[in-house]
Amino acid sequence: MHNDDFPSLIDELKWRGFFEQCTDEDGLAELLSGETVTAYVGFDPTAESLHAGSLLPIMGLVHLQRWGHRPMGILGGATAMVGDPTGKTELRQMLTLEQIDANLAGIRAQLGRFLRLGDGPTDGLLLNNAEWLVGYEYIAFLRDVGRHFSVNQMLARDSVKTRMEHGLSFIEFNYMILQAYDFMVMNRDHGCRLQMGGNDQWGNIVSGIDLCRRLNRTEVFGLTFPLLTTAAGGKMGKTAAGAVWLSADRTSPYDFHQYWVNVDDRDVSRFLRLYTLLDRPEIERLEALSGADIREAKRVLAREVTTVVHGAVAAADAERAAAALFAGAADADSVPASDLPADALVGEGLPLVQALADCGLLKSKGEARRMVRQKAVRINGYQVTDELLRLTSEHVRDGRIALQVGKKKHHHLRVAL
RNA sequence: GGGGGGGUUCCCGAGCGGUCAAAGGGAACAGACUGUAAAUCUGUCGGCAGACGCCUACGGAGGUUCGAAUCCUCCCCCCCCCA
């Protein structure tokens, strides 16, 4: 239970940037140094895959486990059927039980890549709060749990206040109580002593701590992570195309890798600390780089994160593909590609704008036409000037046509001859 | 339940009978510059069409008009005040 670079888990979390605030730092530090602590983080089961934004709490659990503690995840299966007021401006879409089950399976598989899950003393566990919430009867819940909550206190929570001006439905208002109840159950049934989460969860975590004290007469702790925004002010893990998913089906390993290569210079240091398990000397070496050398730090960042999420092989493929593309070579196998039947190219051929839209590189033929006008489109590396150009067999090189939009978007059409 | 204010293109936000695919800003995308970064400058930014143009869009459904995001009716949703 130690680490060469840091005297304690909390020290490491602080250095890496995970520590925003803690309900009782000294108490928690003592607890962590004395025994195996079970801690959990809640995840939204809103999709069958987690996205890059979830990487922060996941890594928080990873560090916990590395320090010999027991990480747990709660899928808000029941709460997803209600909606979460925290930091959201609109009522979230409600999910059905079937959707949640499917999402749970997907998320479980993903967490398994980061955490050692199982039944051992420090093996992680993933639970669905629907297990203990769905069957609970209203009157019973009010009697058992509701009486411990003060509406006055609830109204004072930031998560509620920020929703006051735009409206907050009663079921959303209850989210805090449900989440507090989760913590109480985790403590009672699994000996969980710590809940972690984004700082927007602070109020909910504190409510859970109160409930544990009242119902279980136990002392439990809360620790929150900072709410990350990118240096450019955007949400972490979001691009114009949408979220950066951890699932290869939703975000290809290549695109995932490129997301990290393309982060803002100002974010590199923070991200290395948060999202990689590199040791402190190595991170400090990379942080010392400046100017164009920062690219090396970005390459390492991309390689490390992609390796954890998609495996070493996929990470190496993505890296090789990127290197080939940006070095000008057009023969990389890992570039996103799709198949094109050879007969599409016979005769008149296939309009380029059609191909660009069909392969997903661009959203519409109109956009494709505009891009060509802006000299942004290249075929096999050669700039296209004619928006009416049609693809024919003449464009096939080594069994494929390399399409490129701008400097960073690539797609290959594999032509089956 | 009563009174007032609102719902506009990804977001904010103008428009208040034709000149509106809809000002302005932000985001985004492309070009130049560069380091697959930032900043800056330029351009683009609903769909289809080579083009004329056509279609879809201003909470929903109807209506008035040659013509509606703009006027009328009903409905839905949000905010504020009163009960």
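In what follows, every chain begins at residue 1, and chains take the letters A, B, ... in the order their sequences are listed.
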Rounded C1' spacing from B/rG6 to B/rG15 in Å: 15 Å
Minimum-distance nucleotide to A/N262 side chain [options: B/rU36, B/rA51, B/rG31]: B/rU36
Integer angstrom distance from the P of B/rA39 to that of B/rA28: 9 Å
Length of the NE2-C1' vector between A/H257 and B/rU36, whole Å: 11 Å
Polar pair under 3.5 Å, donor/acceptor by atom type, side chain A/Q258, base B/rU36: yes
More than 12 heavy atoms from other groups under 6.0 Å of CD on A/E48: no
Whole-Å P distance, B/rG53 and B/rC20: 15 Å
Assigned partner base of B/rG24, Watson-Crick or wobble definition, under 3.5 Å: B/rC12
P-based separation of B/rU9 from B/rU70 [nearest Å]: 14 Å
Length of the line joining A/E387:CD and B/rA51:C1', which is rounded to integer Å: 10 Å
Separation of B/rC29 P from A/M371 CE (nearest whole Å): 10 Å
Heavy-atom side-chain contact between A/L125 and A/L117 under 4.5 Å: no
Side-chain heavy-atom pair A/E287, A/V268 within 4.5 angstrom cut-off: no
A/S364 side chain near B/rC48 phosphate (N/O to OP1/OP2, under 4.0 Å): yes
Distance test, side-chain N/O of A/R370 to OP1/OP2 of B/rG47, below 4.0 Å: yes
Rounded interatomic separation in angstrom, taking CZ from A/R390 and C1' from B/rG50: 11 Å
Sugar-phosphate, base or nothing in reach of A/A292, heavy atoms under 4.0 Å: base
Parallel, tilted or perpendicular: ring planes of A/Y181 versus A/F141, cut at 30 and 60 degrees: perpendicular
A/F18 and A/L223, any side-chain heavy atoms less than 4.5 Å apart: no
Sugar-phosphate, base or nothing in reach of A/K375, heavy atoms under 4.0 Å: sugar-phosphate
A/K365 vs B/rA49: side-chain N/O to OP1/OP2 distance below 4.0 Å: yes
A/I294 vs A/L362, nearer the 5' end of RNA chain B by closest nucleotide: A/L362
Residue pair A/Y275, A/W260: steps toward the ring-ring contact (aromatic ring centres under 6.0 Å, His included) verdict: CA-CA 10 Å; A/Y275 300 121; A/W260 298 99; 5.3 Å; yes
Inter-nucleotide C1' distance (B/rC16, B/rG3), Å rounded: 23 Å
Value in whole Å for how far the P atom of B/rG35 lies from CH2 of A/W260: 25 Å
Nucleotide opposite B/rA39 in a Watson-Crick or G-U pair, distances under 3.5 Å: none
P spacing across the pair B/rA22 / B/rA27, given as an integer number of angstrom: 22 Å
Phosphate contact (B/rA49 OP1 or OP2) by A/R369 side-chain N/O below 4.0 Å: yes
Interatomic distance at P, B/rU19 relative to B/rA30, whole Å: 33 Å
Residue-phosphate contact under 4.0 Å: A/K408 side-chain N/O, B/rG31 OP1/OP2: no
First of A/G291 and A/K363 reached from the 5' end of RNA chain B, by closest nucleotide: A/G291
Gap between atoms CG and P, on A/D264 and B/rA37 respectively (whole Å): 10 Å
Protein-nucleotide distance (A/Q404, atom CD; B/rG31, atom P), rounded to Å: 9 Å
Under 3.5 Å: donor-acceptor pair, side chain of A/N129, backbone of A/A78: yes
Rounded distance in Å between the C1' positions of B/rA38 and B/rU56: 39 Å
N/O donor-acceptor pair, side chain A/D293 with base B/rG35, under 3.5 angstrom: no
Any A/R295 side-chain N or O less than 4.0 Å from OP1/OP2 of B/rA37: no
Base of B/rG31 paired with side chain of A/Q374 (donor-acceptor, under 3.5 Å): no
Donor-acceptor pair present, A/K409 side chain and B/rU36 base, under 3.5 Å: no
Between P of B/rA21 and CD of A/E367, the distance in whole Å: 22 Å
